[in-house]
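All chains are named by letter (A, B, ...) in the order of the sequence lines, taking the proteins before the strands, and each is independently numbered beginning at 1.
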Protein chains: 2
Amino acid sequence: MKKSRPLSDRQKGMLKYIWSYVNDNGRPPTIREIGSAVNISSTSVVNYNLQKLSEKGLLERDAEVSRGLRLTEQAMSMYESAKEAVVGTKTAVAEAVGSLLRIPLVGSIAAGKPIDLPDTGYGIYDDEDMVELSSAMISGRKDGLFALRVKGDSMIDAMVNDGDMVVMREQKTAENGQMVAVWLKKDDTTTLKYFAHEGNRVKLTPANPTMEPFYVNAKDVEVQGRVIMVVRQTP
Amino acid sequence: MKKSRPLSDRQKGMLKYIWSYVNDNGRPPTIREIGSAVNISSTSVVNYNLQKLSEKGLLERDAEVSRGLRLTEQAMSMYESAKEAVVGTKTAVAEAVGSLLRIPLVGSIAAGKPIDLPDTGYGIYDDEDMVELSSAMISGRKDGLFALRVKGDSMIDAMVNDGDMVVMREQKTAENGQMVAVWLKKDDTTTLKYFAHEGNRVKLTPANPTMEPFYVNAKDVEVQGRVIMVVRQTP
DNA sequence: AGTATACACGAACAGGTGTTCTGTGTCAAG
DNA sequence: CTTGACACAGAACACCTGTTCGTGTATACT
């Protein structure tokens, strides 16, 4: 559920000013330039409203960089009505929009503890805690999906970095060849490994091809979920 | 009549950098950013050459204003051919109408060769060759995006596996801290590294935190694009 | 009543950024 | 050889600029 408030007069003015400033000068304005153009005395208020506009997807900001802001296509279209292109593709996109999956980002995953899902279970989530993926990117069932943020460097064996996002599906069992998050009872450790049954043992293979697989007694592992996808956003 | 000297290599480099920076970031660079890009340690030298370029009518400056410079038509025309290639990529933007981005999967990336984009440039794509991502997942500009499939194990230093997908943006320049695909001329190798200017050298840091950064002469690296995202779909 | 949220203001801070000044070396003309 | 224009380096300075903190004021909801 999105609570998208309408733009205030100030925010509309700021947007328009930024647009025309870039048009006139070939570079974005500073916070203080925006402020004096819209009669805002405090830079923090400009900053505040810029952030609001950013949250609405109308502009993007580069932190700690002077003039580090940029209008998005969405905002540009408000001023450049003539710039529509390729109507043909529009229908295809319209169909595709419906197949957008919104996956809750429910917690984090680290080596030292089992996956921590909020006690409430799956319920209501803020917009910030959702990951949007095209359903075309995900094969198989699309229910029971959730995403976790990886904390720490403990998963580099699995080619997963600190800060990466792991999209998973609730599963207590796994088939051979699937990548799973397993809880190793002996070590009190959660790891990501390729999974394979081998008699009463389980073969766990790191994703890093330079590392050797190892074997664990089937009683000592607990499948916590299947890894569908790993996403890393680089700065 | 003024005696108009030909441009020095430095000035040509500055001009080109400014042009690609504006193209990449939507705003002009600072004096120090230009300096580190062209191996000039002193801001006064950059200032000096900027003034020369200004006298030659290749750019205009706004005094006492950060990022207060702008290429003239005359200078822009020097890069006309390259500009058209960029305009070509705009088709990818046109399809980004909704909140869903359709990014062309244009080829593969491997250690032994530069990024191979189809000679045809960006044009028509099959549906199978498109990657769908929510635009909310991608920060920064959304034009000039393309995706590559990673071939081989040569990128494990960058925590990127065989078969992973890399979403990139066409960029000839990079800011400190960004992950880029760089072509190392000496080694005939393409690698993914975190990028940082350091004087006349470039610091390249592997994503794998257990590995040490190394340094290369700025002349021997060529930024081929910026890595926006790495996506791994597990079986 | 109290609590939460959105919005606004002003001040202060740290680092970014253009400018300026002094000095050094090169090279061709006088 | 001397001179002066040209190109460059380094440091210092003053202002610019984004960020953050504390505070205040409405409005809506419990």
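- Between the A:R10 side chain and the A:I40 main chain, no donor and acceptor come within less than 3.5 Å of each other.
- Within residues 171-179 of chain B, no residue has any heavy atom under 4.0 Å from DNA chain D.
- The base of C:dG18 is not paired with the side chain of B:S66 by any donor and acceptor separated by under 3.5 Å.
- Counting only N and O atoms by type, the side chains of B:T191 and B:T189 include no donor and acceptor under 3.5 Å apart.
- One atom, CD of A:Q11, and another, P of C:dC7, lie 6 Å apart when rounded to the nearest Å.
- Rounded to whole Å, the distance from CD1 on A:I31 to P on C:dC13 is 19 Å.
- The distance between atom OH of B:Y48 and atom P of D:dG10, rounded to the nearest whole Å, is 17 Å.
- The salt bridge (Lys or Arg N to Asp or Glu O under 4.0 Å) search around B:K52 returns B:E55, not counting sequence neighbours.
- Within the 4.5 Å cutoff, the side chain of B:I34 has no heavy atoms near those of the B:N49 side chain.
- The base of C:dG18 lies close enough to the side chain of B:R32 for a donor and an acceptor atom to sit less than 3.5 Å apart.
- For B:R67 (side chain) and A:S66 (main-chain N/O), a donor-acceptor pair under 3.5 Å exists by modelled atom type.
- The base of C:dT17 has none of its N or O atoms less than 3.5 Å from a complementary donor or acceptor on the side chain of B:T43.
- Atom CG in A:N47 sits roughly 14 Å away from atom P in C:dC7 (whole-Å rounding).
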### Task
For side-chain contact (heavy atoms from CB on, under 4.5 Å), just list the numbers for B:E175 and B:N25, CA-CA rounded to whole Å, side-chain angles, deciding distance to a tenth of an Å, and then say yes or no.
CA-CA 10 Å; B:E175 291 175 55; B:N25 304 294; 3.3 Å; yes
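- In this structure, CG of A:N39 is placed 19 Å from P of C:dC7, rounded to the nearest angstrom.
- Going from atom CZ of A:R27 over to atom C1' of D:dC16 covers 13 Å, rounded to whole Å.
- With the nearest nucleotide of DNA chain D identified for both B:V45 and A:T30, B:V45 has the one nearer the 5' end.
- Atom-to-atom, CD1 of B:I34 to P of C:dG16 comes out at 17 Å; the value is rounded to the nearest Å.
- Counting any heavy atom pair closer than 4.0 Å across all strands shown, A:N49 reaches sugar-phosphate atoms only and no base atom.
- In this structure the side chain of A:V231 reaches within 4.5 angstrom of the side chain of B:M137, judged on heavy atoms.
- Side-chain to base pairing of B:S44 with D:dG10: one donor and one acceptor N or O lie within less than 3.5 Å of each other.
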